[in-house]
Amino acid sequence: MLLTTKFLRPASDRNAVPRERLLRTLQSRAGKRLNLIIGPAGYGKTTLANQWCTQQTGAVGWLSLDANDDEPRRFWQYMAGALSHAGLADLDDCQSLFSQADTHDFEGAISGLINHLVAHAREGVSLVLDDYHQIQSPVIHRQLTYFIDYLPPGMNLVIVSRSEPELPVARWRVRQWADTIEPQLLAFSEDEARRFLSEFMALELDPAESRRIWQNAEGWVAAMQLSAIAAGTASQAPGETIGRPPSSSRELNEYIIGEILNQQPAEVRDFLLDTACCLRLNASLCNHVRQATDSQSLLERLSRSNLFLVPLDSRDQWFRYHDLFREALFTRLQQTAPERIEPLQARAIDWLLDNDDIQEAIAQLVQRRDWPWLERVLAEHGNHLIHGGFHLPVLEWLDKLPSGAVEANPRLSMLQIWGHFFANRLDAIEPRLEQLENRLDRRVADAHPDAEGALGLHSEIALIRGHLARTRADHDSAADLTRQVLRDIDHTQIPLKSVTYYGIGLDCFGRGDLPAAEDALASAVSYGQLERKASTVLSSGGLLAWIRFHRGHIDLALESCRAVRRWIDQHYTDPRQPTLISCWQNCALIEIHRERGELEHAEGYLKPLLSHLETGTEPGQHIIIQYARARLAFTRGDLAGALTALDDARNMLAQRGDRILFEPPNLEAMTARAQLGLSELDAAQRWLERRDAGRYRNPLNAEQDNMTAARVLIALGRPAEALPLLAPLRLSTEQGQHHKHLIEVLTIYADALAAEDKTAEASAMLTEALRRAARQGLYRLFVEESARIRRMIRALDPDTMPGNFLSGLQALLDASDAPASEPSIRSAPQPGLVEPLSSREIEVLGLINEGLANKDIAQRMQVANATVKAHIRNLYSKLQVKSRTEALARARQLALLQ
């Protein structure tokens with residue numbers, strides 16, 4: 001049950017001051033998605049939003065939030081309810097998704113809402129979220145960020161809040177997606193001030209007097225109100241003036257001090273001055289800074305008085321002063337008691353450090369340029385910051401230190417190396433490692449007082465060198481270095497076990513020892529949680545889920561993803577950081593939901609990864625994302641899209657394969673499957689002739705290679721040649737407990753037997769595959785097999801299978817438009833060419849014919865520029881030409897273009 005009163009816009013106030021200049025800022029424009037209105041209570045935020053609503057021509061929804069809405073399921077149910085109340089039709093399915101989905105799987109439900117907006121909100125729809133400061137949940141902030149990132153054209157969101165929301169507004173502003181009206185913009189103009197004083201304050205003032213008050217307060221509504229009250233305006237005599245207008249910011253400060261600060265009781269005045277050094281305030285911090293115990297009552301008193309105290313949460317715990325007010329207070333403190341600033345600031349920083357608010361403590365240290373203290377803080381806390389995803393800020397803070405400070409401190413040097421490692425700046429690491437090792441060796445040789453700490457840093461150096469060895473495919477050295485760290489780790493004070501076990505997990509995964517990889521990665525997750533290393537927990541848990549999925553343990557894979565996400569949401573509370581997403585984990589979730597037929601959920605986990613492709617990411621992650629994207633496109637029947645993603649992944653592998661820490665998925669085998677679906681049998685046969693399954697260290701890749709080879713042989717009408725491949729595959733997948741691959745092998749085996757007219761054996765083999773799949777809830781892999789297999793499944797008796805698995809699969813087959821991998825004709829002949837053009841190359845040729853430049857072709861195909869250049873090189877080679885003009889002429893001669 002949703003309260004419909006929360007969907008009602010406030011009644012318009014006939015006496016409200018019209019804010020035309022602000023309404024112009026809020027007007028819609030191409031690409032705009034968000035208006036943000038921020039200001040303390042009484043600044044006219046809701047009135048302004050209401051005035052904006054009256055100017056809209058499309059549907060407008062309104063949602064008044066309260067503290068009870070600070071829960072993801074309730075929040076999104078009300079979001080859908082507000083849109084429905086605004087007139088958006090057929091939202092029942094979206095409401096159902098929000099009611100049923102697990103909180104940690106809401107991305108799929110949110111994607112469904114976005115898709116619904118794309119399909120049904122063609123004339124534009126707007127939604128106002130009033131009192132968003134009531135929302136404190138980092139989970140909701142992250143989910144709303146995702147929602148705004150993928151809003152369709154024509155959708156506008158207005159967020160009204162007393163406090164600055166934890167959303168990446170700066171990023172959106174850079175992209176021209178958002179406009180913000182802050183308290184300074186909310187300040188009244190002279191005309192607005194005159195109307196405010198006459199209509200709201202009921203003051204009979206002449207224009208000159210109104211102007212003096214407006215100038216005195218610089219359009220600050222609360223200041224105008226307080227100045228009027230402070231001067232006894234309500235009872236002034238006719239003709240009596242109120243104050244003298246200030247002519248500078250100095251005089252404005254003097255006004256604040258003289259007319260506001262000095263009018264406060266002594267205890268309030270002292271409190272304001274003592275806490276002026278704090279960027280944010282709560283009772284415990286203020287007590288520590290003031291060395292007192294009454295801060296909570298004073299904060300509540302200031303809040304009730306609306307004395308320029310801006311609440312940052314809905315529980316009256318965290319506040320900040322209005323910037324101009326805090327600046328005036330701090331200036332007053334510098335003038336009257338400068339000797340008190342140093343101890344007050346030091347106590348504030350001490351409290352922030354003791355309460356794990358490290359980043360704000362560092363911000364204050366940078367502001368006061370206390371470099372020695374900043375060095376100590378980074379040396380102590382920098383490792384946790386980097387492994388929590390804050391590697392780029394750490395590198396920036398290290399750069400602020402005086403020249404030579406980092407080089408002189410081995411702990412800071414190691415910190416800088418880790419920062420470059422997580423930023424994927426591998427070229428910057430090797431020279432720094434050599435310099436650090438030389439300094440550490442000298443310390444040990446000279447019996448330096450910190451020689452023991454120098455020995456401890458050698459373990460971190462070994463870990464880094466192990467990762468660098470993986471980028472060179474030197475797996476033996478990587479394994480030796482990582483295991484050496486594991487042997488020495490208990491003798492150091494540095495929390496490295498999670499990173500070490502992650503390295504071991506990568507090594508085991510790379511050489512194909514999947515059970516050992518699972519054990520090591522589970523340990524990495526466990527130690528990462530103890531060490532509070534969010535990035536390691538995400539990466540380790542994601543790779544663990546990836547392995548479990550491909551071994552066929554889908555329920556276990558999904559639960560491991562959810563467990564990791566629950567831990568991250570509990571401990572990682574800054575939603576503005578862009579490092580909350582793990583490529584491994586999201587790709588594992590794409591595969592899980594794709595296999596279960598939940599394609600909207602799968603798309604929900606893919607969309608956040610696409611921005612990483614655009615902005616640049618680690619090459620191994622780039623390939624994994626494109627592989628998962630291709631698998632999803634293949635499942636949807638978009639074979640051309642699958643090939644585009646695979647082409648881009650192969651190009652990345654060719655260019656930067658030496659930087660990848662693991663063996664990538666089998667891109668060639670997946671490409672051959674897509675070519676089969678497009679009836680490009682010649683291309684699939686060429687892959688079959690050149691393939692080398694023995695080159696793969698990871699058994700999953702080798703198995704995929706052999707399974708695809710068997711599919712190609714069956715499609716070529718040579719099923720007898722497929723059987724010798726499938727018999728050993730069946731044994732190896734069963735022994736390796738690769739359950740998903742075993743089910744695929746049994747299914748392909750059934751296809752080959754049926755092609756040989758061995759109907760009874762084929763039926764028995766397929767039945768065994770279906771029974772195993774029923775235990776794991778695997779559906780989609782059968783839909784993607786040949787038309788022959790699909791016909792055999794439809795012909796089976798549902799009663800032969802446990803539960804309703806077979807009937808559900810048969811219904812999915814009937815509803816599915818997935819590709820059937822049994823082409824009946826070869827790709828169209830291309831006479832006059834030594835080697836025919838692929839479908840990708842033909843697509844590029846068509847775009848060249850449209851006159852598009854390389855970068856425009858890349859954008860149209862959603863691939864890298866380098867991928868387009870590679871396609872064009874292949875085109876020139878196959879057409880035996882040297883330019884675009886020659887290529888188009890040759891293509892027309894061969895009837896490849898209309």
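Residues passing the side chain to side chain contact (heavy atoms under 4.5 Å, CB included) test with Ala769, sequence neighbours excluded: Ile743, Leu746, Thr747, Phe782. Taking the side-chain hydrogen bond (donor to acceptor under 3.5 Å, both in side chains) definition, one finds that Glu668 meets it with nothing, sequence neighbours left out. Residues passing the ring pair (Phe, Tyr, Trp, His ring centres under 6.0 Å) test with Phe98, sequence neighbours excluded: Trp76, Phe106. Partners of Asp519 under the side-chain hydrogen bond (donor to acceptor under 3.5 Å, both in side chains) rule, at least two apart in sequence or in another chain, do not exist in this structure. Residues satisfying the ring pair (Phe, Tyr, Trp, His ring centres under 6.0 Å) test with Tyr627, not counting sequence neighbours, are none. Residues forming a side chain to side chain contact (heavy atoms under 4.5 Å, CB included) with Thr767 (at least two apart in sequence, or on another chain): Ser763, Arg771, Leu796, Met801. Contacts of Ala654 classified as side chain to side chain contact (heavy atoms under 4.5 Å, CB included), with partners at least two apart in sequence or in another chain: none. The side chain to side chain contact (heavy atoms under 4.5 Å, CB included) check on Leu556 picks up Arg548, His553, with sequence neighbours excluded. Not counting sequence neighbours, Tyr696 has no partner by the ring pair (Phe, Tyr, Trp, His ring centres under 6.0 Å) test. Residues that satisfy the side-chain hydrogen bond (donor to acceptor under 3.5 Å, both in side chains) test with Asn701, not counting sequence neighbours, are Glu663.
Between Leu646 and Ala630 the shortest heavy-atom distance is CG-CB, 3.6 Å. Looking at every heavy atom in both residues, Ile623 comes nearest to Pro664 through CG2-CB, 3.9 Å. Closest approach of Asp705 to Ala669, counting heavy atoms only: CA-CB, 4.2 Å. When all heavy atoms of Ala557 and Ile592 are compared, the pair lying nearest together is CB-CD1, 3.8 Å. Here the shortest heavy-atom pairing between Val525 and Gly541 reads CG2-N, 3.5 Å. In terms of heavy-atom proximity, Leu676 sits nearest to Ala715 at CD2-CB, 3.9 Å.
Residues Arg636 and Arg594 are not in side-chain contact: their nearest non-hydrogen atoms beyond the backbone lie 4.5 Å or more apart. Contact of the Tyr501 side chain with the Leu521 side chain is not registered, since no non-hydrogen atoms from C-beta on lie closer than 4.5 Å. Residues Trp546 and Ile624 are in side-chain contact: their nearest non-hydrogen atoms beyond the backbone lie under 4.5 Å apart. His593 is not listed as a side-chain neighbour of Glu603, based on a closest heavy-atom distance of 4.5 Å or more. You'll find the side chain of Ile590 reaches within 4.5 Å of the side chain of Leu609, heavy atoms only.
Thr733 contributes a side-chain N or O that, together with a main-chain N or O of Arg730, makes up a donor-acceptor pair within less than 3.5 Å. In terms of modelled atom types and a separation under 3.5 Å, the side chain of Glu595 and the main chain of Leu781 share a donor-acceptor contact. Of the possible donor and acceptor atoms, none in the side chain of Glu680 sits under 3.5 Å from a partner among the backbone N and O of Ala683. With Arg790 contributing its side chain and Val783 its backbone, the two residues share a donor-acceptor pair below 3.5 Å. Here the side chain of Asn706 pairs no donor or acceptor atom with the backbone of Leu729 at under 3.5 angstrom. Between the side chain of Tyr146 and the backbone N or O of Ile110 there is no donor-acceptor pair closer than 3.5 Å.
The salt bridge (Lys or Arg N to Asp or Glu O under 4.0 Å) test with Asp555 singles out one residue from Arg562, Arg775, Arg596, and that residue is Arg596.
Using a 4.0 Å cut-off between charged side-chain N and carboxylate O, Arg631 and Glu784 make a salt bridge. Taking 4.0 Å as the cut-off between side-chain N and carboxylate O, Arg566 and Glu559 count as a salt-bridged pair. The residues Glu768 and Arg772 are annotated as salt-bridged, a charged nitrogen and a carboxylate oxygen being separated by less than 4.0 angstrom. Salt-bridge formation is not detected for the pair Lys740/Glu591: no Lys NZ or Arg NE/NH1/NH2 atom is positioned less than 4.0 Å from an Asp or Glu carboxylate oxygen. A salt bridge is defined here as a Lys NZ or Arg NE, NH1 or NH2 lying under 4.0 Å from an Asp or Glu carboxylate O, and Arg686 with Glu689 fails to meet this definition. Using a 4.0 Å cut-off between charged side-chain N and carboxylate O, Arg695 and Asp692 make no salt bridge.
In this model, a donor atom of one side chain and an acceptor atom of the other lie less than 3.5 Å apart for Arg629 and Gln626. Between the side chains of Ser111 and Tyr605, no donor-acceptor pair is found at a separation under 3.5 Å. There is no side-chain donor-acceptor pair under 3.5 Å between Arg691 and Thr708.
The CG atom of Leu813 lies 12.0 Å from the CZ atom of Arg791; values are rounded to the nearest 0.5 Å. To the nearest 0.5 Å, atoms SG (Cys587) and CD1 (Ile625) are separated by 5.5 Å. In this structure, Leu632 CG and Asp638 CG are separated by 9.5 Å, a value rounded to the nearest 0.5 Å. Taken from CD in Gln655 to CZ in Arg650, the straight-line distance is 13.0 Å, to the nearest 0.5 Å. Between Arg697 atom CZ and Asp513 atom CG the span is 11.0 Å, to the nearest 0.5 Å. Rounding to the nearest 0.5 Å gives a distance of 13.5 Å between CG of Leu766 and CD of Glu761.
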Review point. Are Thr671 and Gln675 close enough, and set up right, to give a side chain to side chain contact (heavy atoms under 4.5 Å, CB included), and what steps lead you there?
Key: CA-CA 6 Å; Thr671 299; Gln675 289 167 340; 3.7 Å; yes
Review point. Between Met670 and Leu667, does a side chain to side chain contact (heavy atoms under 4.5 Å, CB included) hold up when you go through it step by step?
Key: CA-CA 5 Å; Met670 189 63 224; Leu667 303 174; 5.8 Å; no
Practice item. For the pair His738 and Leu700, evaluate side chain to side chain contact (heavy atoms under 4.5 Å, CB included) and give the outcome as yes or no after the intermediate values. Key: CA-CA 8 Å; His738 302 166; Leu700 296 175; 4.1 Å; yes
Exercise for review: Give the C-alpha distance, both sets of side-chain angles, the deciding distance and a yes or no for side-chain hydrogen bond (donor to acceptor under 3.5 Å, both in side chains) between Thr635 and Arg780.
Suggested key: CA-CA 8 Å; Thr635 294; Arg780 184 58 61 171; 5.2 Å; no
Point to revise | From CA spacing to verdict: side chain to side chain contact (heavy atoms under 4.5 Å, CB included), Leu538, Ser535 | key: CA-CA 5 Å; Leu538 272 172; Ser535 60; 5.8 Å; no
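Between His741 and His550, the two ring planes are perpendicular [angle over 60°; tilted spans 30° to 60°].
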Hey, can you pull the donor-acceptor pairs under 3.5 Å for the side chains in residues 752-759, sequence neighbours left out?
none

Scan the side chains in residues 721-728 for donor-acceptor partners under 3.5 Å anywhere in the protein, sequence neighbours excluded, and list what turns up.
| residue | atom | partner | partner atom | Å |
| --- | --- | --- | --- | --- |
| Glu721 | OE1 | Arg718 | NE | 3.4 |
| Glu721 | OE1 | Arg718 | NH2 | 3.0 |
| Glu721 | OE2 | Arg718 | NE | 3.0 |

